[in-house]
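Structure record follows, encoded as structure tokens.
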Amino acid sequence: MISTHWIGKRKPYWQKLETLVTSGSAGVKSLDHGELQELSLLYRQTAADLAAIRQDPSSVHFVRYLNQLMARAHNIIYAGHRASPWAIFRFFQREYPKVFRRNLKYCALAVAVFVAGGLAGAALTLQDPDFQLKVLGPRMVQTIQRKEMWTHSIIAVKPLASSEIMTNNMTVSFMTYAAGITAGIGTLYMMFFNGLLMGVIATACALAGMSLSLWSFVAPHGALELPAIFLAGGAGFKIAHGLLFPGMLPRKDSLAMAGREATTLVVGTVPILVIAGTIEAFVSPTGLAVPLKFAMSGALLVLLAAYLFWAGRETASRSSAK
């Protein structure tokens, strides 16, 4: 027999499913990406609840209620609709910024770990200048000590360099994201090591009097590339959270839900990294005036921040007003 305590624990999930079904009665387009994921998860869980309740003759009224609820949810989830060619555009215009804002705390954690790595790299290099040899290798250290940038070779093969830079950055981003399955240890390592590397390079260049050369190179593309890495780190930490802290959900369902959200977060970095790679090959290593490079960096950073923090809010406020 199904206990009253068990039903009391499951009721909030049924009510949440009913709320989503009511909101989605006008069609799946009335639900955002996160709500659709939750609808799918609650639908599967409620199906399991219904199968259990059917074994208890005294719970006929709950069986009737759940049957009706499942039928309504089924119609929404499996309703046929034509795919719009503007779906990708709408995703980046409205949904992706919302995904970012829902996972802001994980991205902030990625930034914090990166900064901690950078400070550690700077401190270790200042304490022991030979530490840079262990991280950067003798060839790069000698180049810095000669007050030369190591990026001049990019200019001669811009298209090829651009392709290689994009591929490398995407590889790092997806590795950082996928490493979240190690309970976040892999993502933690990737973010900390990349920060450490940046801290060592920045300090080595500062000691050699090359800070302006370094930052005028990094600034144009770094305004997009670094945030993209932070987004990938946030995606990795999202997976780790779903794995380690499932809450009331079965761990498998919690991980699946976190994984879908994290995948959306990291996939959205692809166009950002494409633009960053193009800038790194065609603008960053050139002789463009330093003030223009920094101005370009500031403008890109402001545009990206405005997009991530504000895009899609108007749609949300309109739907809530209705």
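Computed from heavy atoms alone, side chains included, the values below leave out hydrogens, waters and symmetry copies. Note that the structure is a prediction, hence the values are computed from the model and not measured.
Side-chain contact between Met175 and Val172 is absent, with no heavy-atom pair separated by less than 4.5 Å. Lys11 has its side chain within reach of Phe62: a pair of non-hydrogen atoms, C-beta onward, lies under 4.5 Å apart. The shortest distance between side-chain heavy atoms of Gln45 and Pro250 falls below 4.5 Å. Ser173 places a side-chain heavy atom less than 4.5 Å from the side chain of Leu273. Side chains of Thr263 and Tyr177 form a contact here, defined as non-hydrogen atoms less than 4.5 Å apart. In this structure, the side chains of Trp14 and Ile7 come closer than 4.5 Å at one or more pairs of heavy atoms.
Of the possible polar contacts, none joining the Ser40 side chain to the Leu36 backbone as a donor-acceptor pair under 3.5 Å is found. Put simply, the side chain of Gln132 gets close to the backbone of Pro129: a donor and an acceptor are under 3.5 Å apart. Checked by atom type and distance alone, the side chain of Lys293 pairs as donor or acceptor with a backbone atom of Ser284 at under 3.5 Å.
In this view, Val302 satisfies the side chain to side chain contact (heavy atoms under 4.5 Å, CB included) rule with no residue, not counting sequence neighbours. Ala256 is linked by a side chain to side chain contact (heavy atoms under 4.5 Å, CB included) to Arg260, counting only residues two or more places apart in sequence or in another chain. Residues passing the side chain to side chain contact (heavy atoms under 4.5 Å, CB included) test with Leu109 are Val113, Phe237, sequence neighbours excluded. Annotation: side chain to side chain contact (heavy atoms under 4.5 Å, CB included) contacts of Ser254 (sequence neighbours excluded): Pro246, Leu249. Judged as a side chain to side chain donor-acceptor pair (under 3.5 Å), and not counting sequence neighbours, Asp128 has no contacts.
Ala311 approaches Pro97 most closely through the heavy-atom pair O-CB, 3.4 Å. The shortest heavy-atom contact between Met166 and Gly277 is CG-CA, 4.0 Å. In this structure, Ala219 and Ser297 approach most closely via the heavy-atom pair O-OG, 2.9 Å. Heavy atoms only, all atoms of each residue included: Trp310 and Arg101 are closest at N-NH1, 3.5 Å. Listed here is the closest heavy atom pair of Gly234 and Leu265: C-CD2, 4.0 Å. The minimum heavy-atom distance between Leu133 and Pro138, with the atom names listed, is CD2-CA, 3.7 Å.
We find the CG-OG1 distance between Asn67 and Thr46 to be 11.5 Å, quoted to the nearest 0.5 Å. The line from OG1 of Thr269 to CD of Glu225 is 11.0 Å long, rounded to the nearest 0.5 Å. Between the CD1 atom in Ile275 and the CG atom in Leu304 there is a gap of 9.0 Å [rounded to 0.5 Å].
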Using side chain to side chain contact (heavy atoms under 4.5 Å, CB included), reason through Asp253 and Arg44 one step at a time and then give a plain yes or no. CA-CA 10 Å; Asp253 288 341; Arg44 295 196 302 271; 4.2 Å; yes
Using the rule given for side chain to side chain contact (heavy atoms under 4.5 Å, CB included), can you reason through Leu231 versus Val266, listing the C-alpha separation, both sets of side-chain angles and the distance that settles it, and then say yes or no? CA-CA 6 Å; Leu231 289 167; Val266 77; over 6 Å; no
Kindly list each side-chain donor-acceptor pair under 3.5 angstrom involving residues 185-210, sequence neighbours excluded, with atom names and distances?
residue: Thr187; atom: OG1; partner: Thr176; partner atom: O; Å: 2.8
residue: Thr187; atom: OG1; partner: Gly180; partner atom: N; Å: 3.1
residue: Asn194; atom: ND2; partner: Met190; partner atom: O; Å: 2.7
residue: Thr203; atom: OG1; partner: Gly199; partner atom: O; Å: 2.7

